[in-house]
Amino acid sequence: MSKSKIVCTDPRIGVLMNNYLFLIRKVINNSVLAIFSSLLGITVICALRSENFYLSNVSARIFLLPLIICCYLLVLKSHRLRGFFSTNKLLILSVIMCILIIIFQFTLVYRTHPVIGFDVYAFHRYIVDNVRDNAIYFSYYPNNLLLLLLQKGYLTLTNSINDYFLSLDILNIILVDISAIINIIAIYIYDKSKALIGTWINMVWLLLFPMIIIPYSDTVVLPFVSLLLLMYVVIIKSSNIYLKIISIIILGCVTSFIYFLKPSSIIPFIAICVMGILKIRKLKIKNVLLMLLLAVSLCSSYAIIKIGLNSQDYIKIDANYKMPMTHFIEMGMKGQSGSYDQASVDAMKSSNKKKKEKYIKSHIKETLTNRGWLGYIKFLLTKQGYNTADGTFGWLKEGNFIGNSSKDKPNIFKEYLYPDGKYLYDFKFIAQFIWLIGLVILLLGFNDRRYFVQVLRLSLIGAFVFLLIFEGGRSRYMIQFLPAIIMLITLLWDTSMQNLKRINDVLFNKENIISD
């Protein structure tokens, strides 16, 4: 006797399932917005209280800033000038400004290119000074091996090892500017109406970004993070299947490369995967094949890079000395801000893995016991500010950040950027002011819940949470997420301006509101 199969053909089941899926997506979308706004709200409060805003530290010339803002507002009020800036002449002005900013960047690098300390100097000692004992650094931090090989290859190719910092700073300019160009292209593809404002926002970033003189993974990874986001925009916006396939292959390869260059920078890819899964309504064969293609691209490129790094003979890596991931969690829980801790690092300088694990577990337990859960939550809230509120991205907050003095062949760039520069706090004030504007735009854009906007929000939530758990304490670690931040500021610009206008109407035009 054959067994009969029970098949449910009731269409109400399908409707019920769709309703459940819709409800889940709605809850997750609201949660993303709520978590993002909460964490960003802490950042805004801390940014307002930043020491970069201490007027006692700045020079008198900083008071030109309000004058410039007033002049800008007067320009906006003038119908004739507004008409001028609303035409194609604004596009021409944008091109001219881009050229001037590039000239500014190269001038900055040629007039400074200082000796940089902290991790950057480990690369210099190995490549330039040929200090082979320094190889132990790369055994501690094998995640920097790819960057070392890339620097060595570039300096050999350009025959510029003796001009280490100058040559790598020039490369930094190229990489950062390429990142800005890719950002603008991604914005244009996703929302053409935001391309011009996106161009200006990227220009402001480049103008106030002296990190181009710091040749480290923070800046080197930027164009690849931008490319990752661009490829995803092409995938979700293009109807051409061949373009989707090419973009998916590139997305997988770029993600693997980013992982080996700066592992935490793949957080936007994780956000893409999470939001992509939530977007699925039906598992069509085409979508399954595209996901498999992404997995193949990701895994194969990962394997190729891994084999290449394992087979290189430029530097010998001892895996026993590798800093365990839990070490960065343990450091991220210590002190006032969960930042770099020399005692923890010294305890990890051993090849005995069990000894390192024992130290980490005991100190994590000790920290949690001393703080208590409420104390630890308070610590995390405070740490969010340390991680994200500084508009200079932690300028000069690393050990031996810049090893030169502004008094040696002085110029205006050194006066603004060097530790003993006369106008250092002017730079910090301006950078903090612009950063605060960006944060407010992100906070006020809550009405916009478009799919890619939510992907970018989730990327930044991932960044925030990552820095709360692991070593943080300074906003330099936010540099790697700047492509997501800049794209999000651009896409939320109009919504934020509308909400700002509503707030202004409520605060200053109450009579008009009542009469309406």
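Just so it is clear, the structure is predicted and the values come from calculations on it, not from any experiment.
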- Message: Please enumerate all residues that pass side-chain hydrogen bond (donor to acceptor under 3.5 Å, both in side chains) together with Gln480, with sequence neighbours excluded.
- Response: Ser264, Ser265
- Task: Could you give me the CA-CA distance, side-chain angles and deciding distance for Leu155 and Leu168, then say whether side chain to side chain contact (heavy atoms under 4.5 Å, CB included) is met?
- Result: CA-CA 8 Å; Leu155 293 169; Leu168 289 178; 4.2 Å; yes
- Item | Side chain proximity check, Tyr137 to Tyr126, heavy atoms < 4.5 angstrom | no
- Quick one: ring pair (Phe, Tyr, Trp, His ring centres under 6.0 Å) pairs with a partner in residues 458-485, sequence neighbours left out? Phe466-Phe470
- Just by modelled atom types, is the Leu467 backbone N or O under 3.5 Å from a matching donor or acceptor in the Lys383 side chain? yes
- Query: Under the 3.5 angstrom rule, does the side chain of Lys414 hit a backbone N or O of Asn404 as a donor-acceptor pair?
  - Reply: no
- Query: What closest approach, in Å, do Leu460 and Ala484 show between heavy atoms, and which atom pair accounts for it?
  - Reply: CD2-CB, 4.2 Å
- Given side chain to side chain contact (heavy atoms under 4.5 Å, CB included), test Ile170 with Phe106 step by step and report yes or no. CA-CA 7 Å; Ile170 291 172; Phe106 277 97; 3.9 Å; yes
- Heavy-atom neighbours of Lys334 NZ exceed 12 at 6.0 Å: yes
- With Asp346, which residues qualify under salt bridge (Lys or Arg N to Asp or Glu O under 4.0 Å), at least two apart? Lys349
- Heavy-atom closest pair, residues Lys244 and Ser238: CE-O, 2.9 Å
- Name all residues meeting the side-chain hydrogen bond (donor to acceptor under 3.5 Å, both in side chains) criterion together with Tyr386; count only those two or more places apart in sequence or in a different chain, and write none if there are none. Gln336
- side-chain hydrogen bond (donor to acceptor under 3.5 Å, both in side chains) filter on Thr367, not counting sequence neighbours, yields none
- 4.5 Å side-chain heavy-atom contact, Leu424 and Leu396: yes
- Query: When rounded to the nearest 0.5 angstrom, what distance separates CD1 in Ile187 from OG1 in Thr199?
  - Reply: 7.5 Å
- Message: Quick one: does any side-chain atom of Asn499 pair with a main-chain N or O of Leu444 as donor and acceptor, under 3.5 Å?
- Response: yes
- Heavy-atom donor-acceptor pair, Asn172 side chain to Ile214 backbone, under 3.5 Å: yes
- Message: Before you tell me yes or no, could you show the steps for Leu230 and Leu227 under side chain to side chain contact (heavy atoms under 4.5 Å, CB included), namely the whole-Å CA-CA distance, both residues' side-chain angles and the distance that decides it to 0.1 Å?
- Response: CA-CA 5 Å; Leu230 171 61; Leu227 184 59; 4.2 Å; yes
- Query: Would you say Met478 and Leu482 make side-chain contact, with heavy atoms under 4.5 Å?
  - Reply: no
- Task: Over 60° means perpendicular and under 30° means parallel, so classify the ring planes of Phe118 and Tyr216, tilted if in between.
- Result: perpendicular
- Item | Nearest atoms (heavy-atom pairs only) where Leu243 meets Val234 | CG-CG1, 3.8 Å
- Should Phe269 and Ile258 count as side-chain neighbours, where that means a heavy-atom distance under 4.5 Å? no
- Working to the nearest 0.5 Å, report the span between CG of Leu207 and CD1 of Ile434. 9.0 Å
- Task: Could you list all the side chain to side chain donor-acceptor pair (under 3.5 Å) pairs where at least one residue sits in residues 290-306, not counting sequence neighbours?
- Result: Ser256-Ser301
- Task: Report the C-alpha distance between Tyr190 and Arg450 in whole Å, list the side-chain angles of each, state the deciding distance to 0.1 Å, and finish with yes or no for side chain to side chain contact (heavy atoms under 4.5 Å, CB included).
- Result: CA-CA 11 Å; Tyr190 189 76; Arg450 286 177 290 175; 3.5 Å; yes
- Query: Partners of Lys152 by salt bridge (Lys or Arg N to Asp or Glu O under 4.0 Å), sequence neighbours excluded?
  - Reply: none
- Query: Quick one: does Lys361's side chain get under 4.5 Å of Lys365's, heavy atoms only?
  - Reply: no
- Assess whether atom OH of Tyr188 is packed by more than 12 heavy atoms of other residues, nucleotides or ligands within 6.0 Å. no
- Task: Count the heavy atoms of every other residue, nucleotide or ligand shown that sit under 6.0 Å from OH of Tyr425, and state whether that count exceeds 12.
- Result: no
- Distance, nearest 0.5 Å, that separates CD1 of Ile212 from CG of Leu171: 12.0 Å
- Message: Is it true that, when you exclude Asn400 itself, more than 12 heavy atoms of the residues, nucleotides or ligands shown sit nearer than 6.0 Å to its CG?
- Response: no
- Side-chain donor or acceptor of Trp395 paired with backbone N/O of Leu417 under 3.5 Å: yes
- Query: Do you know which of Asn144, Asn143, Asp218 makes side chain to side chain donor-acceptor pair (under 3.5 Å) with Lys262?
  - Reply: Asp218
- Query: Does Gln454 use its side chain to pair, donor to acceptor, with the backbone of Asn29 at less than 3.5 Å?
  - Reply: yes
- Note on the structure: For Glu398, the salt bridge (Lys or Arg N to Asp or Glu O under 4.0 Å) test, sequence neighbours excluded, returns Arg474, Arg476
- Between Phe452 and Tyr232, what is the ring plane arrangement, given parallel below 30°, perpendicular above 60°, and tilted in between? tilted
- Query: Any donor-acceptor pair under 3.5 Å linking the side chain of Lys428 with the backbone of Glu51?
  - Reply: no
- Which side chain to side chain donor-acceptor pair (under 3.5 Å) pairs, counting each pair once, include a residue from residues 33-50, with sequence neighbours left out? Thr43-Gln384, Thr43-Thr388, Ser50-Asn52
- By salt bridge (Lys or Arg N to Asp or Glu O under 4.0 Å) - contacts of Lys397 (at least two apart): Asp390
- Message: In the structure I gave you, are the side-chain heavy atoms of Leu229 and Leu456 within less than 4.5 Å of one another anywhere?
- Response: yes
- Message: Closer than 3.5 angstrom, by distance alone: can the side chain of Ser475 be matched with the main-chain N or O of Gly394 as a donor-acceptor pair?
- Response: yes
- Task: Verify whether the ring centers belonging to Tyr164 and Tyr121 lie closer than 6.0 Å.
- Result: no
- Donor-acceptor pair, side chain of Asp163 and main chain of Leu166, under 3.5 angstrom: no
- Message: Tell me whether the count of non-hydrogen atoms from other residues, nucleotides or ligands lying under 6.0 Å of OH in Tyr416 goes above 12.
- Response: yes
- Measure from the side-chain N and O atoms of Ser496 to the backbone N and O of Gly445, and report whether any donor-acceptor pair falls under 3.5 Å. yes
- How would you list all residue pairs meeting ring pair (Phe, Tyr, Trp, His ring centres under 6.0 Å) that involve residues 360-384, not counting sequence neighbours? Tyr359-His363, Tyr376-Phe379
- Task: Report yes if the side chains of Tyr154 and Ser167 come closer than 4.5 Å at any heavy-atom pair, otherwise no.
- Result: yes
- Could you pull out all residues at least two apart from Tyr54 that satisfy side-chain hydrogen bond (donor to acceptor under 3.5 Å, both in side chains)? none
- Task: Measure centre to centre between the rings of Phe138 and Phe123, then say whether the value is under 6.0 Å.
- Result: yes
- Task: Mind running ring pair (Phe, Tyr, Trp, His ring centres under 6.0 Å) on Phe224 and Tyr259 for me, showing each step along the way?
- Result: CA-CA 10 Å; Phe224 304 102; Tyr259 176 78; over 10 Å; no
- Near Lys279 NZ, under 6.0 Å, is it more than 12 heavy atoms from other residues, nucleotides or ligands? yes
